[in-house]
Amino acid sequence: MAKLNFGGVIEEVMTREEFPLDKAREVLKNETIAVIGYGIQGPGQACNLRDNGFNVIVGQRPGKTYDKAVADGWKPGETLFSIEEAADKGTIICMLLSDAGQIQAWPTIKPYLTAGKALYYSHGFAINWSDRTGVVPPTDVDVVLVAPKGSGTSLRTMFLEGRGLNSSYAIYQDATGKAYERVMALGIGIGSGYMFETTFQREATSDLTGERGSLMGAIEGLLEAQYDVLRANGHSPSEAFNETVEELTQSLMPLFGAKGMDWMYANCSTTAQRGALDWAPRFRDAIKPVMEWLYYSVKTGNEAQISIDKNSQPDYREKLNAELEAMRNKEMWQAGAVVRQLRPEND
């Protein structure tokens, strides 16, 4: 394990130097990894494992997603099967369906979890809120987690670029005594950069908080608020969008993503630095109570129940698409579509 110093807090992480790919292949050489679901995380993880030399099969129901798996080179009857067949053949069953899909498929999957197999997740939702999901694994199987800190698309893209996406890992149940080596090998196999330890509970609560907070929900709300204020005060759509979104995503985010917020500040004007330093604490103090409210809602299971209730409705996809369409049609994002066409790479 490598030791990282986070401002005085020491954390142990696993890197590809400590657990090389050859070792991962050796650990899993007799395993059949069955990736169940080929939606968000499935393609990236399955293809990376396959390209890294592991024995991988995919379980997916017929439809557009099944056709995508075929297009990606998975062969029906050889490496592409029904969910039931894949679960039967797999010694490691990777539950990469959506959270709602996992709940729905659990009665189908559970009979194939025979003694000694491993049940693998990339999100702690189903296990952490088992009282709401009904997902209770048998006691004679390993239950592990590797959660890439990004989308399956990013995982695959970075893999093809020779880079790795950092992941957390957790062991919920070690029935065989092999859970640690299994989870490490799987994490390296899917293309993780480094892996840090968590628990199913911590991963589930931090993930839901992040999605609703700074990764998606809070940033959408912040951008809309600033854009609306600028527009209400006479600024054009182009000016409002550029000052709110375009400069953030195209200029400033790459700077603090590369070397930190302080480095980004140092590469801005002194006027910008002064204003940001003055206003950041005000935003922090205004937003922190909302974040605490959000975390409480996640920790108590309220957010999980909302997701279960909404996503289990027969027309949830139609309702979701309608909400996304409404967002797409907002002036801010319509302005964004026009501005993106004017970027230099589109010339």
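We're numbering straight along the sequence, starting at 1. Small disclaimer: the values here were computed from a predicted structure and weren't measured.
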- Do M291 and T209 have side-chain heavy atoms sitting under 4.5 Å apart? yes
- Query: Any side-chain heavy-atom pair from N233 and H235 closer than 4.5 angstrom?
  - Reply: yes
- Message: Testing the basics here: between A115 and D140, what is the closest heavy-atom pair and its distance to 0.1 Å?
- Response: CB-OD2, 3.4 Å
- Can you tell me which residue pairs pass the ring pair (Phe, Tyr, Trp, His ring centres under 6.0 Å) test with a partner in residues 262-297, sequence neighbours excluded? none
- Inter-residue atom distance D72.CG - Y38.OH, 0.5 Å rounding: 3.5 Å
- Message: I'd like to check P148 versus Q45 (side-chain heavy atoms, cut-off strictly below 4.5 Å). Are they in contact?
- Response: yes
- Query: Can you check side-chain contact (heavy atoms from CB on, under 4.5 Å) on Q102 and I36, steps first, answer last?
  - Reply: CA-CA 9 Å; Q102 290 179 26; I36 308 299; over 6 Å; no
- Inter-residue atom distance D207.CG - N128.CG, 0.5 Å rounding: 11.0 Å
- Message: Does either side chain, that of E239 or that of S236, offer a donor lying less than 3.5 Å from an acceptor on the other one?
- Response: no
- N311 side chain near D99 side chain, heavy-atom distance below 4.5 Å: no
- Task: Treat each ILVMFWY residue as a node, draw an edge where side-chain heavy atoms are under 4.5 Å apart, and state whether L119 and I33 are in one component.
- Result: no
- Message: Quick check on Q104: does its CD atom have over 12 non-hydrogen neighbours (other residues, nucleotides or ligands) under 6.0 Å away?
- Response: no
- Listed by chain and number, what are the side-chain hydrogen bond (donor to acceptor under 3.5 Å, both in side chains) partners of K89, not counting sequence neighbours? none
- Item | Check: D142 side chain, D174 main-chain N or O, donor-acceptor pair, under 3.5 Å | no
- Message: Testing the basics here: between A147 and S122, what is the closest heavy-atom pair and its distance to 0.1 Å?
- Response: CB-O, 3.4 Å
- Indicate, with yes or no, if V146 and V144 share a hydrophobic cluster defined by side-chain heavy-atom contacts under 4.5 Å among Ile, Leu, Val, Met, Phe, Trp and Tyr. yes
- Keeping to residues at least two apart or across chains, list the ring pair (Phe, Tyr, Trp, His ring centres under 6.0 Å) pairs with something in residues 197-221. Y172-F200
- Task: Taking E197 for its side chain and M14 for its backbone only, find out whether a donor-acceptor pair lies under 3.5 Å.
- Result: no
- Query: Going hydrophobic residue to hydrophobic residue with side-chain gaps under 4.5 angstrom, can you get from L113 over to M95?
  - Reply: yes
- So which heavy atom on T300 is nearest to which on R132, and how close? O-NH2, 3.2 Å
- Would a 4.5 Å heavy-atom cut-off, applied to side chains only, mark V339 and L342 as touching? no
- Item | Spacing of CZ belonging to R212 relative to CD1 belonging to I306, to within rounding of 0.5 Å | 7.5 Å
- Write out all pairs satisfying ring pair (Phe, Tyr, Trp, His ring centres under 6.0 Å) with one or both partners inside residues 134-157, taking only residues at least two apart or from two chains. none
- S214 meets the side chain to side chain contact (heavy atoms under 4.5 Å, CB included) criterion, sequence neighbours left out, with none
- Message: For a 4.5 angstrom cut-off between non-hydrogen side-chain atoms, does V70 reach P76?
- Response: yes
- Query: Please, which pairs that meet salt bridge (Lys or Arg N to Asp or Glu O under 4.0 Å) have at least one residue in residues 319-330, sequence neighbours excluded?
  - Reply: E224-K330, D315-K319, E325-R328
- Message: Could you check whether any side-chain N or O of K299 sits under 3.5 Å from a backbone N or O of T205, counting only pairs where one atom can act as donor and the other as acceptor?
- Response: no
- Let me see the working for Y120 and R182 under side-chain contact (heavy atoms from CB on, under 4.5 Å), right down to the final yes or no. CA-CA 10 Å; Y120 166 102; R182 273 173 152 175; over 6 Å; no
- Please name the pair of heavy atoms, one in G164 and one in R16, separated by the smallest distance, quoted to 0.1 Å. N-NH2, 3.6 Å
- Item | Pair T198, S168: side-chain N/O donor-acceptor within cut-off below 3.5 Å | no
- Item | Sidechain N-carboxylate O distance under 4.0 Å for R25, E31 | no
- Task: Kindly indicate, with the supporting measurements, whether the criterion side-chain contact (heavy atoms from CB on, under 4.5 Å) is fulfilled by Y66 and Q60.
- Result: CA-CA 6 Å; Y66 186 96; Q60 177 61 45; 4.1 Å; yes
- Task: Could I get the full list of side-chain hydrogen bond (donor to acceptor under 3.5 Å, both in side chains) partners for E18, not counting sequence neighbours?
- Result: T15
- Message: Test your reading of the model: is there a side-chain donor-acceptor pair from N302 to the backbone of S297, 3.5 Å cut-off?
- Response: no
- Which pairs, with at least one residue in residues 125-162 and sequence neighbours excluded, count as a ring pair (Phe, Tyr, Trp, His ring centres under 6.0 Å)? H123-F125, F125-W129
- Query: Step by step, would you call V183 with L145 a side-chain contact (heavy atoms from CB on, under 4.5 Å)?
  - Reply: CA-CA 7 Å; V183 74; L145 173 146; 5.9 Å; no
- Message: Let me confirm one number: the CZ-CD1 distance from R284 to I287, rounded to the nearest 0.5 Å.
- Response: 10.5 Å
- Message: Hydrophobic clustering (ILVMFWY, side-chain heavy atoms < 4.5 Å, transitive) - are W74 and I190 grouped together?
- Response: yes
- Message: Test your reading of the model: is there a side-chain donor-acceptor pair from E203 to the backbone of G124, 3.5 Å cut-off?
- Response: yes
- Do M327 and E220 come within less than 4.5 Å of each other through their side chains, counting heavy atoms only? yes
Quiz: residues 105-112 side-chain donor-acceptor pairs under 3.5 angstrom, not counting sequence neighbours:
none

In a table with atom names and distances, give each donor-acceptor pair under 3.5 Å that connects a side chain of residues 247-259 to protein atoms at least two apart or in another chain.
| from | atom 1 | to | atom 2 | distance (Å) |
| --- | --- | --- | --- | --- |
| T249 | OG1 | V245 | O | 3.1 |
| T249 | OG1 | E246 | O | 3.4 |

- Message: If hydrophobic residues (ILVMFWY) are linked whenever their side-chain heavy atoms come closer than 4.5 Å, directly or via other members, who joins I10 in its cluster?
- Response: none
- Message: Looking at F54, is its backbone amide N or carbonyl O close enough to the side chain of R50 to form a donor-acceptor pair, meaning the two atoms are under 3.5 Å apart?
- Response: no
- Note on the structure: Across all chains, not counting sequence neighbours, the side-chain hydrogen bond (donor to acceptor under 3.5 Å, both in side chains) partners of E26 are K29
- Task: Take R61 and E84, measure what salt bridge (charged side-chain N to carboxylate O under 4.0 Å, His left out) needs, and give me the verdict at the end.
- Result: CA-CA 9 Å; R61 301 199 189 285; E84 293 83 355; 3.7 Å; yes
- Mind checking whether L28 and I92 have side chains closer than 4.5 Å, heavy atoms only? yes
- What's the shortest heavy-atom distance between M332 and F241, and which atoms? O-CD1, 3.1 Å
- Item | Under 3.5 Å: donor-acceptor pair, side chain of T65, backbone of G39 | no
- Atom CG of L165 and atom CZ of R156: how far apart are they, to the nearest 0.5 Å? 13.5 Å
- hydrophobic_cluster_shared for I219 and Y227, side chain cutoff 4.5 Å: yes
- Task: May I ask you to decide if L21's main-chain N or O and N52's side chain share a donor-acceptor pair within less than 3.5 Å?
- Result: no
- Message: With a 3.5 Å distance limit and no angle check, can you tell me whether T91 reaches the backbone of T32 through a side-chain donor-acceptor pair?
- Response: yes
- Do you know which two heavy atoms are closest between S151 and Q41, and how far apart they sit? C-NE2, 3.7 Å
- Task: Can you measure from CD1 (I57) to CG (D88) and round to the nearest 0.5 angstrom?
- Result: 9.0 Å
